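Heavy-atom basis, side chains included; hydrogens, waters and symmetry copies ignored. What you are looking at is a predicted structure, and each value in this text was computed from that prediction instead of being measured.
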Amino acid sequence: MATGSRGRRDRLAAPRRLLGSWSLWELPRRGLIGYLLLVDAAAFAATAYLFVLRPPAPSSLLPFSALLAGMILSSELSRTVERSRADTRLGAGLDSAWIFAGALLLPPAPAAVLVVASAGYRWFRIRRGIPHRQVFAASATMLSALGASILPVLLGAPPFADATRDFESFALVFATGLVFLSVDAALAAPAAEFGAEPSGFAFDAAMVAFGLLLAWSAVDWPLVTVVLAGALVVLHRAGTMRALRGHADTDAGTGLLTASSWMDGARTQFDLLRGRGADLSLLMLDLDHFARLNDRHGRHVGDDVLRAVADTLRAEVRAADLVGRFGGEEFVVLLPGTSRFDAHAIAERIRQRIASTFVSLGGTFAGATVSIGVSSHPAGGETLDRLVGAADQALRAAKAAGRNRTVVFETEEP
């Protein structure tokens with residue numbers, strides 16, 4: 001008996017341990033947890049209520065199945081780029097078009113169920129992310145689909161399939177699309193604080209427009225739906241790949257160029273300006289005692305300081321200058337058409353500006369200083385790699401001399 005009781009207790013304790021380990025409970029404020037759970041509960045309660053209030057007719061099974069099959073098939077054809085998009089959080093997927101088409105063609109409850117099916121498919125086939133974020137995203141989309149689907153019912157308008165294709169019907173569909181977009185954006189805005197990033201409004205609006213075309217073709221010319229679905233996949237793949245390439249060129253933490261992207265751009269600039277005999281200088285910056293700052297205040301404060309330094313660099317240089325993150329706390333700036341004397345003045349201005357920048361810590365402040373090495377062509381070298389090495393040598397000299405200073409590379413010794 002004792003063994004059996006202990007076994008039952010272990011079986012009951014396992015779900016409790018699982019729930020207790022969720023990162024949901026680690027959110028910074030209890031209000032955020034309550035907001036998440038409230039949206040989740042509202043979405044599923046509203047769907048269940050509408051199932052009871054307006055049970056879907058058997059005739060809605062066919063369009064529901066067709067939309068579900070089209071959504072899964074198009075997502076499966078784009079699974080590789082969709083997985084990359086999910087890894088980098090580059091906005092919503094192409095499911096939005098099918099979900100909005102469902103909001104137009106289906107009763108409210110089946111339209112919400114289409115969202116649940118989409119979320120389940122993405123969990124098993126695309127990417128398993130943080131559970132509470134994915135559940136919240138699905139719940140927000142469910143409420144958006146419910147709002148869009150209910151609007152024509154509240155206004156006493158005929159179903160989309162039976163409506164005449166006139167200006168009044170277009171205005172209603174336009175309003176339905178606005179409801180779909182607005183509800184999702186309004187729900188996602190408070191959630192942005194804990195990482196549920198809203199996608200770009202323009203992309204979502206484009207998906208809503210495609211959803212309208214999918215619904216229209218499904219009613220009036222079903223074969224066109226296949227053509228539109230193929231075009232949707234191709235356009236989504238192309239747009240996502242361009243976005244991924246742009247995302248790969250920039251550092252996620254600061255928005256500056258990555259080291260490899262900076263080197264590619266700097267090499268092109270260097271070769272061009274060297275051929276013209278124009279001035280060219282380079283700054284290499286390193287945050288002083290950054291590891292100590294992380295240990296004292298935490299990595300989240302260190303990340304805020306890195307972003308503040310990146311913002312300062314962007315504000316203090318010209319649009320033609322190349323700014324990149326070269327390492328953990330190291331930055332590099334290429335200054336085309338800038339002499340060694342002017343580069344030193346720019347470096348000093350940047351150094352003083354960073355030294356006066358502080359990050360709030362809830363009543364206290366954390367700041368940082370930088371050491372800067374400056375090199376110029378041709379004194380620093382006849383190739384970009386040598387110019388970078390000269391700036392690095394000057395940077396080490398600045399640190400050895402006491403940090404929070406600028407050193408210019410000389411031909412002999414810095």
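Each of Val407, Thr338, Ile372, Thr406 was evaluated against His344; a single residue qualifies, Thr406, per the side chain to side chain contact (heavy atoms under 4.5 Å, CB included) test.
Asp264 CG to Leu322 CG: the interatomic distance, rounded to the nearest 0.5 Å, is 10.5 Å. In this structure, OG in Ser139 is found 10.5 Å from CG in Leu38, a value given to the nearest 0.5 Å. A distance of 11.5 Å separates CD in Glu316 from CG in Leu283, rounded to the nearest 0.5 Å.
The pair Asp311-Arg353 does not meet the salt-bridge criterion, since no charged nitrogen lies less than 4.0 angstrom from a carboxylate oxygen. The pair Arg403-Asp286 does not meet the salt-bridge criterion, since no charged nitrogen lies less than 4.0 angstrom from a carboxylate oxygen. Salt-bridge annotation for Asp303 and Arg307: absent, with no side-chain N of the basic residue lying under 4.0 Å from a carboxylate O of the acidic one.
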- Task: Could you check Ser149 against Arg54 for side chain to side chain donor-acceptor pair (under 3.5 Å), going step by step and ending with a plain yes or no?
- Result: CA-CA 12 Å; Ser149 186; Arg54 290 173 55 89; over 6 Å; no
- Applying side chain to side chain donor-acceptor pair (under 3.5 Å), run through Ser75 and Asp95 and close with a yes or a no. CA-CA 7 Å; Ser75 295; Asp95 290 3; 2.7 Å; yes
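Listed by first then second residue, pairs satisfying ring pair (Phe, Tyr, Trp, His ring centres under 6.0 Å) with a partner in residues 302-337 read Trp262-Phe326, not counting sequence neighbours.
Gln393 places a side-chain heavy atom less than 4.5 Å from the side chain of Phe409. At a threshold of 4.5 Å between non-hydrogen side-chain atoms, the residues His377 and Leu273 do not count as touching.
In summary, the side chains of Ser339 and Asp279 do not present any donor paired with an acceptor at a separation below 3.5 Å, with no hydrogens or angles considered. No hydrogens or angles considered: nothing links the side chains of Asp342 and Ser281 as a donor-acceptor pair under 3.5 Å.
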All N/O donor-acceptor pairs, side-chain side in residues 155-181, below 3.5 Å, sequence neighbours left out:
{"unit_1": "Thr164", "atom_1": "OG1", "unit_2": "Asp166", "atom_2": "OD2", "d": "3.0"}
{"unit_1": "Arg165", "atom_1": "NH1", "unit_2": "Phe160", "atom_2": "O", "d": "2.9"}
{"unit_1": "Arg165", "atom_1": "NH1", "unit_2": "Ala163", "atom_2": "O", "d": "3.0"}
{"unit_1": "Arg165", "atom_1": "NH2", "unit_2": "Phe160", "atom_2": "O", "d": "3.4"}
{"unit_1": "Asp166", "atom_1": "OD1", "unit_2": "Glu168", "atom_2": "N", "d": "3.4"}
{"unit_1": "Asp166", "atom_1": "OD1", "unit_2": "Ser169", "atom_2": "N", "d": "2.9"}
{"unit_1": "Asp166", "atom_1": "OD1", "unit_2": "Ser169", "atom_2": "OG", "d": "3.0"}
{"unit_1": "Ser169", "atom_1": "OG", "unit_2": "Thr164", "atom_2": "O", "d": "2.5"}
{"unit_1": "Thr176", "atom_1": "OG1", "unit_2": "Leu172", "atom_2": "O", "d": "2.8"}

